[in-house]
Amino acid sequence: MVDPERARFSAWYELFPRSASSTPGAHGTFHDVEARLPYVAELGFDVLYFPPIHPIGREKRKGKNNSLAPSAEDVGSPWAIGAAEGGHKSLHPELGTLEDFRRLVARAREFGIEIALDIAFQCAPDHPYVKEHPEWFRWRPDGTVQYAENPPKKYQDIYPFNFETDDWRALWEELASVFEFWMAEGVRIFRVDNPHTKPFAFWEWAIARLKRQHPEAIFLAEAFTRPKVMHRLAKLGYTQSYTYFAWRNTKWELTEYFTELARGPGREYFRPNVWPNTPDILTEHLQFGGRPAFMARLVLAATLAASYGIYGPAFELLESKPRDPGGEEYLDSEKYQIRAWDLAREDSLRGFIARVNEARRDNPALQSDASLAFFPVDNEHIICYAKATPDLENVVVTVVNVDPYHTQSGWVELDLAALGVDERSPYQMHELLTGARYLWHGARNFVSLDVTRSPAQIFRLRRKVRTERDFDYFL
């Protein structure tokens with residue numbers, strides 16, 4: 001199976017279409033998202049990912065901040081899929097029509113952006129499946145269905161499918177047809193919610209069937225679970241997988257984990273897609289680290305892995321307030337309400353994100369994970385690593401201060417031979433975020449990372465070249 005380049009190298013941006021309106025409080029539409037495309041393209045992302053865009057259940061609907069007592073105005077969670085208007089093959093009526101969606105998909109491609117959809121195989125209590133196919137759910141003696149749980153989280157507004165039903169063949173066919181429906185509407189990228197809670201055999205069968213029809217399709221597994229299970233899903237056909245990156249913060253943790261991803265036995269089939277935040281994950285590091293933490297985590301994600309993503313606009317607007325002390329849920333989360341975002345805020349990271357993504361596009365070394373190598377630094381708060389193309393024509397060295405509170409300095413020690421540099425010659429380090437150029441000599445060189453300016457530097461290594469006229473320049 002030959003996957004498209006985007007399976008190996010991609011930058012994802014997640015947004016809630018219902019929050020895309022320019023009018024505060026108004027429900028966003030696909031037309032509003034279309035107006036947002038230039039912004040996403042300016043940031044440098046090539047995949048625009050939506051949470052579920054289907055009708056949302058009204059029975060047991062959640063209110064703001066996961067309240068069990070919603071008001072009449074509450075819009076509910078997009079993952080509580082299905083209502084009188086339809087289910088997994090229907091659109092939320094306030095977002096627009098299928099024709100609007102088709103137009104959005106086509107318009108996004110004009111900007112070099114692919115639309116990715118969330119596929120969550122679960123149902124709201126009033127999903128049409130519950131009445132039409134009660135045999136697909138596990139019923140209690142009292143006539144109710146056990147709602148979904150992922151301790152300590154409880155999802156009273158969601159019913160899981162019973163994959164052990166005697167009617168499993170019809171269930172499998174219907175679920176595969178959900179993918180096929182959206183593929184017919186032009187979608188080729190899918191983020192699949194909690195695939196590890198469904199049978200492995202189903203995914204092996206379904207993905208093989210879908211890839212026969214559309215070999216270019218990409219499937220991202222949202223499986224924050226045991227490593228063996230994540231690797232099994234990759235072997236069964238998943239193109240990419242979420243990772244534990246969000247919870248790897250120290251130099252040692254990052255070095256160990258990404259060495260395993262790049263050099264371990266899974267490197268031939270397990271493609272990581274790393275995210276510093278998601279609608280479900282606001283880490284303690286981001287809650288307290290401020291702007292430097294957001295900047296450092298972005299650079300780490302974008303340069304350690306060839307595929308990465310952010311949940312925006314929460315990320316570029318530095319959203320950091322948790323709902324509960326010690327928790328990772330956002331206060332006033334978009335999962336339960338419409339949010340209005342001021343994209344023009346002066347403190348936005350949009351310019352910084354655009355420069356990082358530009359560096360990724362311009363440097364083939366950052367478009368693969370195969371060459372990742374870490375180098376020593378005499379400061380445990382600074383991490384240094386490099387990526388290079390096989391011919392060493394493109395070499396990128398990244399240094400990041402993982403302490404968001406203090407300026408950190410140290411001596412990095414590069415393996416010049418591995419990077420194709422003559423240790424007797426000077427070489428230029430072109431810093432891609434600021435444009436600054438530094439002349440380095442030898443393996444050991446000094447760096448200082450001031451968190452009040454930028455906690456990271458991305459260097460393009462340029463070797464000294466002498467022309468026939470004895471004119472030196474750096475290539």
Side-chain angles (χ1 to χ4, degrees), residues 1-14 45-50 52-53 88-89 98 101-121 169 171-196 198-223 229-243 261-262 265-274 305-309 360-361 364 366-370 390:
M1 181 65 67
V2 179
D3 286 320
E5 181 183 12
R6 202 174 256 118
R8 170 177 55 80
F9 172 61
S10 55
W12 294 51
Y13 185 85
E14 177 177 4
F45 292 98
D46 53 33
V47 177
L48 178 56
Y49 154 54
F50 300 150
I53 52 176
H88 286 73
K89 299 175 186 177
L98 264 178
F101 179 76
R102 294 183 192 119
R103 175 187 164 91
L104 173 60
V105 171
R107 184 71 174 135
R109 288 194 175 126
E110 295 177 11
F111 285 90
I113 296 170
E114 285 288 324
I115 299 297
L117 292 188
D118 190 293
I119 297 295
F121 285 145
R169 287 182 177 84
L171 174 61
W172 284 26
E173 286 285 345
E174 177 61 21
L175 298 183
S177 75
V178 171
F179 285 104
E180 291 168 340
F181 178 88
W182 294 109
M183 285 177 164
E185 298 301 334
V187 180
R188 294 293 181 270
I189 304 179
F190 300 93
R191 178 266 201 191
V192 180
D193 192 70
N194 287 322
H196 56 292
K198 285 76 179 175
F200 290 144
F202 168 73
W203 294 123
E204 185 173 25
W205 168 82
I207 293 177
R209 165 172 161 166
L210 297 167
K211 293 283 270 185
R212 281 195 296 269
Q213 301 171 39
H214 294 285
E216 74 280 17
I218 292 173
F219 300 89
L220 170 61
E222 189 255 358
V229 175
M230 296 166 71
H231 281 247
R232 179 71 180 276
L233 289 167
K235 291 179 179 180
L236 294 176
Y238 272 93
T239 321
Q240 298 177 353
S241 175
Y242 279 71
T243 68
L261 292 175
R267 68 187 184 278
E268 298 294 345
Y269 60 86
F270 186 90
R271 294 195 191 101
N273 190 328
V274 305
S307 291
Y308 88 106
R360 282 167 48 88
R361 289 195 308 273
L366 296 176
Q367 298 171 17
S368 170
D369 295 327

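Just so it is clear, the model here is predicted, and its values are computed rather than measured.
The shortest distance between side-chain heavy atoms of Leu233 and His196 falls below 4.5 Å. Side-chain contact between Arg109 and Val105 is present, with heavy atoms from C-beta onward closer than 4.5 Å. At a threshold of 4.5 Å between non-hydrogen side-chain atoms, the residues Asp3 and Lys211 count as touching. At a threshold of 4.5 Å between non-hydrogen side-chain atoms, the residues Arg232 and Phe200 count as touching. The closest side-chain heavy-atom distance from Phe45 to Tyr308 is below 4.5 Å. Contact check for Tyr238 versus Leu220: no side-chain heavy atoms found under the 4.5 Å cut-off. Using a 4.5 Å heavy-atom cutoff, the side chains of Leu48 and Trp12 are not in contact. For the pair Ile189/Arg6, a side-chain contact is recorded, criterion being any heavy-atom separation below 4.5 Å from C-beta on.
Atom CZ of residue Phe270 and atom NE2 of residue His231 lie 5.0 Å apart, to the nearest 0.5 angstrom. Expressed to the nearest 0.5 Å, how far CZ of Arg8 lies from CG of Asn273 amounts to 13.5 Å. Considering CG of Leu104 and CD of Glu185, their distance stands at 12.0 Å, rounded to 0.5 Å. Taking CH2 from Trp203 and CG from Leu236, the interatomic distance works out to 10.5 Å, rounded to the nearest 0.5 Å. In this structure, CZ on Arg191 lies 4.5 Å from CG on Asp193, to the nearest 0.5 angstrom.
For the pair Ser241 (side chain) and Met230 (backbone), a donor-acceptor distance under 3.5 Å is absent. The backbone N or O of Pro272 lies less than 3.5 Å from no partner atom in the side chain of Thr243, so there is not a single donor-acceptor pair. Checking side-chain atoms of Ser10 against main-chain N and O of Ser307 turns up no donor-acceptor pair under 3.5 Å. Looking at Gln367, its side chain does come within 3.5 Å of a backbone N or O of Arg360 through a donor-acceptor pair.
Separation of the Phe101 and Trp182 ring centroids falls under the 6.0 Å cut-off. Residues Phe121 and Phe179 place their aromatic rings such that the two centres sit under 6.0 Å apart. Between Phe181 and His88, the gap from one ring centroid to the other reaches at least 6.0 Å.
A salt bridge links Glu180 to Arg209: one of the charged nitrogens lies within less than 4.0 Å of a carboxylate oxygen. Ion pairing between a basic and an acidic side chain is recognised when a charged N comes within 4.0 Å of a carboxylate O; Glu174 and Lys89 show such pairing. A salt bridge does not link Arg267 to Asp369: none of the charged side-chain nitrogens sits closer than 4.0 Å to a carboxylate oxygen. One finds no salt bridge joining Arg188 and Glu114 here, because no Lys/Arg side-chain nitrogen approaches an Asp/Glu carboxylate oxygen to under 4.0 Å.
Contact between Asp46 and Gly112 at its shortest, heavy atoms only, is CB-O, 3.6 Å. Nearest heavy atoms, Pro4 versus Pro215: CD-O, 4.5 Å. Nearest heavy atoms, Val187 versus Ile115: CG1-O, 3.8 Å. Taking both residues in full, the closest heavy atoms of Gly237 and Ile207 are given as O-CG2, 3.7 Å, listed atom of the first, atom of the second, then distance. In terms of heavy-atom proximity, Val47 sits nearest to Ala116 at CG1-CB, 3.7 Å.
Summarising the local packing, CZ of Arg103 is surrounded by 12 or fewer heavy atoms from other residues, nucleotides or ligands at distances under 6.0 Å.
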